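Below is one structure; the comments refer to it alone.
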Amino acid sequence: MVLGAVLGLLLLGGAAPASAHAALRDTDPADGGVVASAPRHITLTFTESVALLDDSFRVYDPGNRRVATGEVRHAAGRSDTARVSLPDGLGTGTFTVAWRVVSADSHPIAGAFTFSVGKPSPTTVTVPDGPDEDPVTGGLYDTARYAAYLAFALLVGALTFLACCRPPDPGRLRRTVVTGWWTLVAATVVLLLLRAPYEAGTGPLAALDPSALARTATSRPGLALLARLALLLVAGVLLTRLRRRSPALLTAGAVLAVALALTWAAAEHASAGIQVPLAMASSVLHLLAVGVWLGGLAALLTTLYRAPDEVPAAVVVRFSRLAFAAVTVLVGTGVYQSWRGLGSWEALSSTSYGRILVAKLAAVALLLAVAGRSRQWTARLVPTAAEALPERVPEPVGGPPSRPQPPREDRPPVPPAGDGPPAPEPDRRALRRSVLAEAAVGVVVLGLTTVLTGTQPGRAVAEAAAAAPATDIPAASVTTVPFTVGTARGKVQVTLDPGRAGRTSVQAVVFGPDGGLSTVPELRLSFTLPAQRIGPIDAKVTDLGGYWGTGSLNLPIPGTWTMKVTVRVSEVDQVTVTHGIRITR
């Protein structure tokens, strides 16, 4: 049931690239900027610290040839930057930079921008708009992450159930514990092997590269996975002594559970952003509470189905109290993590993180409702256990012992070890159904939690949006206008940089029907704002050798302007085409 739910969540969720915590704050040279001479370095600045890859930068010249660059490193020891050196003799024209780094919370992020040396080129390199990661690698990596969460919950919950609820036959849960341990080991190994291709956005076969595995072993996510494997080996040794219940063994198991949970907190959202120590402590408690509750549900469900006639009511009552404590911890840590991740109420509806969190909260509410129903069935078992206790008979102080009372016909037999008798059959069946529903909803909650850990928090989205204006790099407006005159066809690509009100530069490039550059004897551009009765304003573009342009156009106010493009292809053939263009403030 668990594996089926995981695969279903994976298919429904797809293999979309994970959004990460860090966001690009600034680029040097500026995105879309024109510099007089070739820069010595390219520097990116992010909102959080980032890890660098060997292939973090790919620079292409105007002819779509890759430029040889130096070693990627942080600028001046700042962990929130990425810098690469450029060779001498870079040339002129528009250069395209594709970049990829790893955020502090272990998720890769990527993007691209352009800058020009001397003057813009008629054409630039087009960076594909596809996913930032290989879909096969991303799908396998996400499946392993889901399996690791589920296996951790199963392992911790089953062991806690054995230690605290004391079922009559602990041996029946041994297979559950072993399954959780092996699944977590296998998922961790897969994550370790796929970490390098996941960061680089390459196919899964790249995991066979020994150098890639060596790089993973020195990164923070890789070290966390290696630590998890080491802890699991120690846990495997302790599991061989599972039948011995000693205080030392229970203490060692609790310490291992906390250490395992810490391997998640040290490599995900809790390790980046504000209040990192408190966030990591909250994340550890949250994950442990999830394991105790959902893994304990799986253990209880296994016990109820494998030995339905031998489960004392006291076992169910003990788990009910344990689950209540786990839910209390979940609510407290969940509220803190939601506040830390969202940052504002608006982020609930305006960000992907907020929308997924709303879905998780709805699933948790349903889970609590089902859990409340389970507690009601559990409460019906408590009187049964109380009625089973032997009746206390008053005894005179200092007097001889009283004669034993004959058993009453309506009193049930005394249970062994004070654990109470098995629950009545109707109540036991109802409890099994309720626990099964609770476990099923719990799997959905755990799946949404896993997706949430791979989504950029709303607070980070707000920080990135706030950081964007600091760059003071307004976006350029690019408009393509097709034309036909006689037998001649083509299109004019007009770029306004910046595409906002005020003084702006204009570059116009004419393309022929085959998509190649075309020369024309004359090109005129004019702009009119009908709503305000402004214009026409002649752009006065001139032939600059391969493209037409000017740096003196002034569009005084924002609005939807009408751009009139006149193209003359011969002494007698010309055409005028109009096109709407939006100018921002």
Side-chain angles (χ1 to χ4, degrees), residues 21 105 149-150 152-157 159-161 163-165 253-298 300 317-345 347-348 351 353-375 378 438-439 441-455 457-460:
H21 195 97
D105 55 6
Y149 273 114
L150 286 168
F152 175 83
L154 191 62
L155 179 62
V156 171
L159 290 175
T160 305
F161 184 86
C164 300
C165 301
V255 171
L256 279 174
V258 173
L260 281 172
L262 191 60
T263 62
W264 271 276
E268 293 189 347
H269 286 322
S271 63
I274 63 173
Q275 303 176 353
V276 171
L278 181 59
M280 290 184 65
S282 174
S283 179
V284 168
L285 290 175
H286 194 81
L287 188 56
L288 289 174
V290 169
V292 169
W293 186 13
L294 298 185
L297 277 176
L300 177 61
V317 172
R318 292 186 193 112
F319 176 73
S320 180
R321 294 168 181 167
L322 183 66
F324 182 80
V327 169
T328 302
V329 174
L330 275 175
V331 171
T333 55
V335 168
Y336 169 73
Q337 291 180 357
S338 298
W339 167 82
R340 183 177 181 268
L342 282 174
S344 66
W345 288 108
L348 276 173
T351 64
Y353 185 91
R355 290 188 287 270
I356 297 174
L357 181 60
V358 169
K360 177 186 174 181
L361 292 176
V364 169
L366 177 60
L367 183 58
L368 291 175
V370 179
R373 185 61 177 168
S374 297
R375 285 180 62 84
T378 301
E438 194 175 347
V441 179
V443 169
V444 175
V445 171
L446 194 58
L448 290 172
T449 301
T450 309
V451 174
L452 202 62
T453 60
T455 304
R459 185 183 295 272

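What you are looking at is a predicted structure, and each value in this text was computed from that prediction instead of being measured.
- V156 places a side-chain heavy atom less than 4.5 Å from the side chain of T160.
- For the residue pair C165 and R318, the shortest heavy atom distance occurs at O-NH1, 3.0 Å.
- Not counting sequence neighbours, the partners of A261 by the side-chain contact (heavy atoms from CB on, under 4.5 Å) test are F152, V284, L287, L288.
- Interatomic distance, L159 CG to C164 SG, rounded to the nearest 0.5 Å: 10.5 Å.
- Residues passing the side-chain contact (heavy atoms from CB on, under 4.5 Å) test with V329, sequence neighbours excluded: L285, A289, T333.
- Of all heavy-atom pairs spanning W293 and A326, the tightest one is CB-CB, 4.1 Å.
- Contact detail for L300 and F319: the closest heavy-atom pair is CD2-CD2, 3.7 Å.
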